[in-house]
Amino acid sequence: MYKAFIISLLLFIALPAQAQWVEATGASVIDHPDLVHARRAAIRDALRQASFQGALQVNGYQAMSMGELHTDQLSINTQSSIAKMEVLKEEVKNGIMFVTVKALVESSGSCEGGNYANGYKRSLAISNFYMERPQSANMGALHNANETLPKEILQRMQGQEKLRVFDATGFQLYSDVSTIPTSVNDRGTLTTAVDTATRIGSQYVLTGVIRSMDLLNPELAGERGVIEGLYERTRYKGERFARELRVDLFIHDGFSGELVTSRSYATQGNWTENRTEKIGFANARFWLTDYGQKVDTLIEQMVSDLNVQVGCQPFMARITRTDNKRLYIDAGSDAGLRPGDTLNVYRLNTFYDNTQRAFTELIPVDLTLSLERVQPNFANGKLVTLPEMVNIQQGDVVIAW
């Protein structure tokens with residue numbers, strides 16, 4: 001007589017729900033003489049370590065048969081994000097860059113962001129940013145930040161295992177300040193996000209607003225006489241050249257244009273370069289400045305957050321064609337789909353509020369698409385009924401939560 005029993009262990013090791021400061025050290029081998037990239041890699045490693053300290057979930061599974069252990073699995077996942085961070089220490093030893101950071105780690109609750117639930121690759125198009133006050137970029141001629149900042153984010157997010165990023169920096173989604181949402185509660189529907197996502201084939205669209213690149217104390221940064229200059233250097237020290245960067249990032253759903261998440265970022269560093277020199281944003285010279293290094297660290301935090309935030313959203317794909325009971329979608333093996341996978345079918349519906357603003361909602365139709373053929377960039381499968389019976393057509397979506 002065959003007897004089997006399964007012993008399952010689910011162990012959660014997590015910090016309280018409140019955000020907590022933790023310290024972590026990351027390391028990266030230096031590809032001489034590229035200290036900039038080694039520093040970035042070490043910061044990413046430190047952020048991963050901090051994230052694990054902040055909210056660690058350990059899942060264990062054991063199965064036994066006839067008194068013998070035949071399955072023993074252990075997985076470790078982190079469900080946290082970095083709210084703030086600062087670099088405490090940097091040092092180089094034996095060709096290795098070590099960076100110690102102090103990070104404010106927030107629990108992501110039930111969201112499985114860093115784990116990308118269901119294993120499918122989300123896609124994110126990164127658009128051109130909007131510069132709210134171009135005059136704040138005059139010092140150092142940093143006006144190209146609206147294009148180079150999103151390109152930096154794009155470059156650093158490429159190669160993520162569970163994320164596909166697309167270059168949409170040729171698209172400007174915000175035309176003026178009035179079109180910029182101030183919070184998710186503003187709804188912030190953006191029809192240009194839908195247009196951009198449709199053209200590129202992306203599920204989500206990232207855009208941003210550079211709020212300020214001002215000197216914090218411009219009255220102290222001007223030219224001074226020798227005696228007065230020495231006095232101000234002694235009294236104000238770094239405050240004399242302090243410069244800020246404030247950026248808001250917005251992630252829009254590419255199917256409806258709705259704002260799904262937003263976050264504000266800020267940092268400051270000293271800008272001691274010649275007042276008339278045109279340096280530009282995000283180039284080799286820029287990264288050598290104190291201000292550039294602070295911005296570099298802030299971008300690493302943005303990349304870390306975006307990876308979690310996009311992972312907290314469902315996987316979605318467009319229906320590109322209907323053929324009797326067969327549906328074709330615009331995602332395939334490149335997104336991690338496989339034959340036999342099942343996706344829920346939703347119909348897109350447009351409704352209008354009392355001010356006649358149009359909104360898009362997703363309506364479930366209680367149909368499941370079972371994939372049969374999966375190609376690199378598309379897939380198809382069958383429904384149990386004809387799609388026209390529930391008014392499913394090209395442009396509707398399938399979703400995996």
Side-chain angles (χ1 to χ4, degrees), residues 116-127 163-168 170-171 173 187-207 251-260 310 313-353 356-401:
Y116 283 75
N118 63 45
Y120 301 141
K121 290 185 178 181
R122 278 63 164 169
S123 55
L124 178 70
I126 301 179
S127 76
L163 182 66
R164 294 182 296 159
V165 289
F166 300 105
D167 188 350
F171 297 90
L173 273 65
R187 299 193 66 88
T189 303
L190 198 61
T191 56
T192 48
V194 178
D195 295 338
T196 301
T198 302
R199 292 186 195 182
I200 296 177
S202 175
Q203 300 169 47
Y204 300 98
V205 178
L206 171 73
T207 191
I251 297 178
H252 288 270
D253 168 14
F255 296 88
S256 66
E258 291 286 327
L259 178 64
V260 295
V310 176
Q313 308 307 319
F315 172 83
M316 297 188 286
R318 290 176 179 81
I319 296 174
T320 57
R321 177 186 168 193
T322 64
D323 183 7
N324 292 321
K325 294 182 180 180
R326 186 171 296 276
L327 296 184
Y328 291 77
I329 62 175
D330 66 352
S333 58
D334 58 348
L337 296 174
R338 294 165 297 182
D341 288 353
T342 58
L343 305 167
N344 296 318
V345 181
Y346 285 73
R347 185 174 67 245
L348 290 180
N349 180 55
T350 301
F351 70 94
Y352 298 86
D353 64 8
Q356 294 304 301
R357 285 193 305 170
F359 295 97
T360 301
E361 64 176 340
L362 297 173
I363 301 177
V365 295
D366 294 326
L367 284 180
T368 300
L369 175 66
S370 179
L371 298 182
E372 294 181 350
R373 302 170 189 170
V374 178
Q375 302 296 320
N377 299 309
F378 71 93
N380 65 65
K382 282 187 176 181
L383 302 174
V384 296
T385 187
L386 291 172
E388 53 263 31
M389 298 296 292
V390 287
N391 198 27
I392 293 298
Q393 56 191 319
Q394 178 181 342
D396 290 328
V397 301
V398 293
I399 298 179
W401 297 95

- List in chain and number order the residues that pass salt bridge (Lys or Arg N to Asp or Glu O under 4.0 Å) with Asp341, two or more places apart in sequence or in another chain; answer none if no residue qualifies. none
- Item | Ala317 backbone acceptor or donor facing Asp330 side chain under 3.5 Å | no
- Item | Side chain proximity check, Ile319 to Gln394, heavy atoms < 4.5 angstrom | no
- Item | Exam field: side chain Arg347 to backbone Asn391, donor-acceptor pair closer than 3.5 Å | no
- Item | Non-hydrogen side-chain atoms of Gln313 and Ile251 separated by less than 4.5 Å | no
- Query: Just checking, is any N or O donor in the side chain of Thr368 or Thr342 under 3.5 Å from an acceptor N or O on the other one?
  - Reply: no
- Query: What pairs with Asp167 under salt bridge (Lys or Arg N to Asp or Glu O under 4.0 Å), at least two apart in sequence or on another chain?
  - Reply: none
- Item | Residues which pass salt bridge (Lys or Arg N to Asp or Glu O under 4.0 Å) with Arg164, listed by chain and number, not counting sequence neighbours | Asp334
- Task: Could you tell me whether the side chain of Arg122 and the main chain of Tyr120 form a donor-acceptor pair under 3.5 Å?
- Result: yes
- Under the side-chain hydrogen bond (donor to acceptor under 3.5 Å, both in side chains) rule, what pairs show up with a residue in residues 380-390, not counting sequence neighbours? Arg326-Asn380
- Item | Spacing of Leu362 atom CG and Ile399 atom CD1 [to the nearest 0.5 Å] | 5.0 Å
- Query: Closest heavy-atom contact between Tyr346 and Asp396?
  - Reply: O-CB, 3.3 Å
- Counting heavy atoms not belonging to Asp323, are there more than 12 under 6.0 Å from its CG? yes
- Nearest 0.5 Å, what's the CG-NE2 distance between Leu259 and His252? 5.0 Å
- Message: Asp366 vs Val390, test: side-chain contact (heavy atoms from CB on, under 4.5 Å). Steps then yes/no.
- Response: CA-CA 9 Å; Asp366 294 326; Val390 287; over 6 Å; no
- Taking the side chain as C-beta and beyond, is there a heavy-atom pair between Tyr204 and Leu163 under 4.5 Å? no
- Message: Testing the basics here: between Arg318 and Gly254, what is the closest heavy-atom pair and its distance to 0.1 Å?
- Response: NH2-O, 3.1 Å
- Message: Please give me the minimum heavy-atom distance between Thr322 and Pro387, naming the atom from each residue.
- Response: CB-CG, 4.2 Å
- Quick one: are Leu369 and Leu367 in side-chain contact, heavy atoms under 4.5 Å? no
- List the atom of Leu343, the atom of Ala400, and the distance in Å for their closest heavy-atom pair. CD2-CB, 3.7 Å
- Message: So which atom in Gly201 and which in Phe166 form the shortest heavy-atom distance, rounded to 0.1 Å?
- Response: O-CE1, 4.1 Å
- Task: Let me know which of Val165, Leu173, Val310, Leu124 forms a side chain to side chain contact (heavy atoms under 4.5 Å, CB included) with Leu206.
- Result: Leu124
- Message: Could you work out, with salt bridge (Lys or Arg N to Asp or Glu O under 4.0 Å) as the rule, every residue matching Arg338, not counting sequence neighbours?
- Response: none
- Item | Minimal non-hydrogen separation, Gly395 against Leu348, with atom names | O-CD1, 3.1 Å
- Query: Donor-acceptor pair, Ser123 side chain versus Gln203 backbone, under 3.5 Å?
  - Reply: yes
- Which residues pass the side-chain hydrogen bond (donor to acceptor under 3.5 Å, both in side chains) test with Tyr328, sequence neighbours left out? none
